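On a predicted model such as this, the values are computed, not experimentally measured, just so you know. Chain naming here is simple, since letters A, B, ... match the order of the sequence lines and numbering starts at 1 in each.
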2 protein chains.
Amino acid sequence: MLRVSKLADYAVVVLVKLAADTDCLDCAVQTSPSLACSTGVPEPTVAKVLKALSVAGLVLSQRGARGGYRLQRKLEDISIAEVIAAIDGPIALTACVDGASGCDVRGLCAVHGRWDLVNDAIRNALTGITLADMREAGTPVFLRTLTPAE
Amino acid sequence: MLRVSKLADYAVVVLVKLAADTDCLDCAVQTSPSLACSTGVPEPTVAKVLKALSVAGLVLSQRGARGGYRLQRKLEDISIAEVIAAIDGPIALTACVDGASGCDVRGLCAVHGRWDLVNDAIRNALTGITLADMREAGTPVFLRTLTPAE
DNA sequence: TGAAACTGGACCGCTTGGGTCCGGTTAACC
DNA sequence: GGTTAACCGGACCCAAGCGGTCCAGTTTCA
């Protein structure tokens with residue numbers, strides 16, 4: 001299904017939320033419990049996401065009392081590709097990308113190493129979209145008549 | 001990891017192989033056992049892939065003795081997006097795409113409905129690549145300047 | 001010194017993809 | 001007309017990975 005993990009989805013939500021309340025980067029930090037509350041994502045999950053974003057250099061963490069997280073860069077400077085890579089690892093569609101690991105039928109494979117083409121296309125597409133683009137839809141907080149269509 | 005399923009990977013391999021031996025569409029069909037042999041993919045798996053490709057209209061199946069499969073269109077007319085959609089279902093990165101099903105925190109979600117942007121970008125990227133492009137790898141053609149965007 | 005918050009790791013259940021198997025149906029061939 | 005070869009359409013099982021949780025440790029502020 002070519003899906004992105006839920007964690008990556010949460011990461012985008014959390015990052016946008018993180019920017020929404022602290023439009024200046026040096027303002028007060030936000031804690032993971034508060035982010036969990038404002039996003040509706042369970043707190044331990046938020047913590048896990050923030051941790052991954054921290055090691056990836058997308059957010060800054062501040063330990064101790066009055067600690068928390070804040071954005072390290074502006075939303076405009078963070079691409080979706082970076083977020084996905086931070087959470088789910090490098091963007092690689094198949095196992096046999098650049099011959100990394102055991103493609104046991106490589107000798108027979110008619111498209112060996114050609115997924116790189118697809119990978120690059122996807123990567124370029126994701127790099128071209130920033131978190132700021134994602135936020136645009138969210139700002140009208142009365143978001144589109146919540147039709148619980150089911 | 002934004003991965004594509006192995007089945008979709010196999011599908012591409014099988015389709016390219018299917019075209020390699022029958023460059024004219026009306027030639028003899030190929031059976032799933034023979035495709036399994038020439039691609040190295042287990043036969044039941046090949047059969048499953050071919051079945052899915054058949055219902056998607058990418059290959060034609062011929063039942064009975066001397067039956068088998070053949071391409072319904074040329075490789076140049078089949079995009080990677082179609083193959084992935086045939087195997088893994090519609091290309092949708094997250095569950096909440098176009099509000100399909102239960103995003104239980106939709107009211108809080110700051111990027112509600114914005115993944116469509118990413119989905120479209122991915123879909124366009126995948127639609128622009130055909131199976132013929134994938135096949136080119138068989139010959140040592142360095143037809144691109146594959147600049148990894150990172 | 002205690003409380004608040006991040007850090008790092010382990011852990012677990014569930015979903016889902018990958019793979020297999022079997023009976024049924026169709027069509028060519030003898 | 002019977003046999004055989006191949007697809008068809010399920011059901012089924014196993015393992016890996018993901019989502020989610022928990023806990024002990026560390027850091028910092030009041």
Side-chain angles (χ1 to χ4, degrees), chain A residues 1-11 13-14 18 28-37 39-56 58-70 72 84 87-89 92-96 101-105, chain B residues 1-11 13-14 18 28-37 39-56 59-70 72 84 86-89 92-96 101-105:
Chain A
M1 243 160 286
L2 204 138
R3 71 163 52 136
V4 120
S5 70
K6 270 191 182 180
L7 275 303
D9 191 358
Y10 293 159
V13 175
V14 167
L18 204 52
V29 299
Q30 290 190 65
T31 68
S32 59
S34 72
L35 282 169
C37 179
T39 59
V41 179
E43 194 270 330
T45 302
V46 172
K48 175 186 282 190
V49 166
L50 284 170
K51 195 192 310 179
L53 294 177
S54 176
V55 302
L58 296 183
V59 301
L60 278 176
S61 66
Q62 186 167 342
R63 303 182 64 160
R66 302 292 306 267
Y69 294 96
R70 68 171 186 271
Q72 190 156 8
I84 293 177
I87 301 294
D88 296 331
L93 284 179
T94 62
C96 72
S101 61
C103 179
D104 50 351
V105 295
Chain B
M1 243 160 288
L2 205 139
R3 72 163 52 137
V4 121
S5 72
K6 271 191 183 178
L7 275 302
D9 192 357
Y10 294 159
V13 175
V14 167
L18 204 51
V29 298
Q30 290 190 65
T31 68
S32 58
S34 72
L35 283 170
C37 179
T39 59
V41 180
E43 194 271 329
T45 302
V46 172
K48 176 186 281 190
V49 167
L50 284 171
K51 195 194 310 180
L53 294 177
S54 176
V55 303
V59 301
L60 278 176
S61 66
Q62 186 167 343
R63 303 184 63 163
R66 301 293 305 268
Y69 293 95
R70 68 170 184 270
Q72 190 156 8
I84 293 177
I87 300 294
D88 296 330
L93 284 179
T94 62
C96 72
S101 62
C103 179
D104 50 350
V105 294

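- As a whole-Å value, the separation of A/Leu50 CG from C/dC6 C1' is 10 Å.
- A/Ser32 has no side-chain polar atom (N or O) that falls below the 4.0 Å cut-off from OP1 or OP2 of C/dA5.
- One distance of note links CD of B/Gln72 with OG of B/Ser61; it measures 9.5 Å at 0.5 Å rounding.
- Residues A/Gly64 and B/Gly67 both approach DNA chain D. Their nearest nucleotides, taken by heavy-atom distance, put B/Gly67 toward the 5′ side.
- One interatomic measurement links the two molecules: CG of B/Leu60 to C1' of D/dC7, which rounds to 13 Å at whole-angstrom precision.
- Here the P atom of nucleotide C/dA4 and the CD atom of A/Glu43 are 14 Å apart, to the nearest Å.
- Nearest heavy atoms, B/Leu18 versus B/Tyr69: CD1-O, 3.8 Å.
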Give me the distances for all protein-to-nucleotides 9-15 of chain C N/O pairs that come in under 3.5 Å?
none

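- Closest heavy-atom contact between B/Val29 and B/Gly67: CG2-O, 3.3 Å.
- Spacing between atom CZ of B/Arg70 and atom P of D/dA6 amounts to 16 Å, rounded to whole angstrom units.
- Scanning both residues, A/Ile87 and A/Ala8, for their nearest heavy atoms gives CG2-N, 3.6 Å.
- Not a single donor-acceptor pair, N or O on each side, falls under 3.5 Å between the base of D/dT28 and the side chain of A/Arg63.
- The phosphate of C/dT7 has OP1 or OP2 within less than 4.0 Å of a side-chain N or O from A/Ser61.
- Along DNA chain C, the nucleotide nearest A/Ala47 and the nucleotide nearest A/Ala65 are compared for position; the residue whose nucleotide lies closer to the 5' end is A/Ala65.
- Side-chain atoms of B/Tyr10 lie closest to C/dG19 of the nucleotides D/dG20, C/dG19, C/dC6.
- D/dC14 atom P lies 18 Å from atom NZ of B/Lys6, rounded to whole Å.
- Partner of B/Tyr10 under the side chain to side chain contact (heavy atoms under 4.5 Å, CB included) criterion, chosen from B/Val46, B/Thr45, B/Thr39: B/Thr45.
- Considering all non-hydrogen atoms of both residues, B/Glu43 and B/Pro33 come closest at CG-CA, 3.7 Å.
- For the pair B/Leu7 CG and C/dT20 C1', the computed distance is 13 Å after rounding to whole Å.
- For B/Leu35 and D/dA6, the CG to C1' distance is 13 Å, given to the nearest whole Å.
- Here the C1' atom of nucleotide D/dA5 and the CD atom of B/Gln62 are 12 Å apart, to the nearest Å.
- Which of D/dT21, C/dT7, D/dA6 sits closest to the side chain of A/Pro44 comes down to D/dT21.
- Within 3.5 Å, no donor on the side chain of A/Arg66 pairs with an acceptor on the base of D/dT28, nor the reverse.
- Considering every non-hydrogen atom in both B/Leu50 and B/Leu35, the closest pair reads CD1-CD1, 3.8 Å.
- Nearest heavy-atom pair across A/Ala36 and A/Pro42 is CB-C, 4.2 Å.
- Counting non-hydrogen atoms under 4.0 angstrom, A/Pro42 reaches the backbone sugars and phosphates but no base.
- Set against C/dG19, D/dG19, D/dG25, the side chain of A/Ser5 has D/dG19 as its closest nucleotide.
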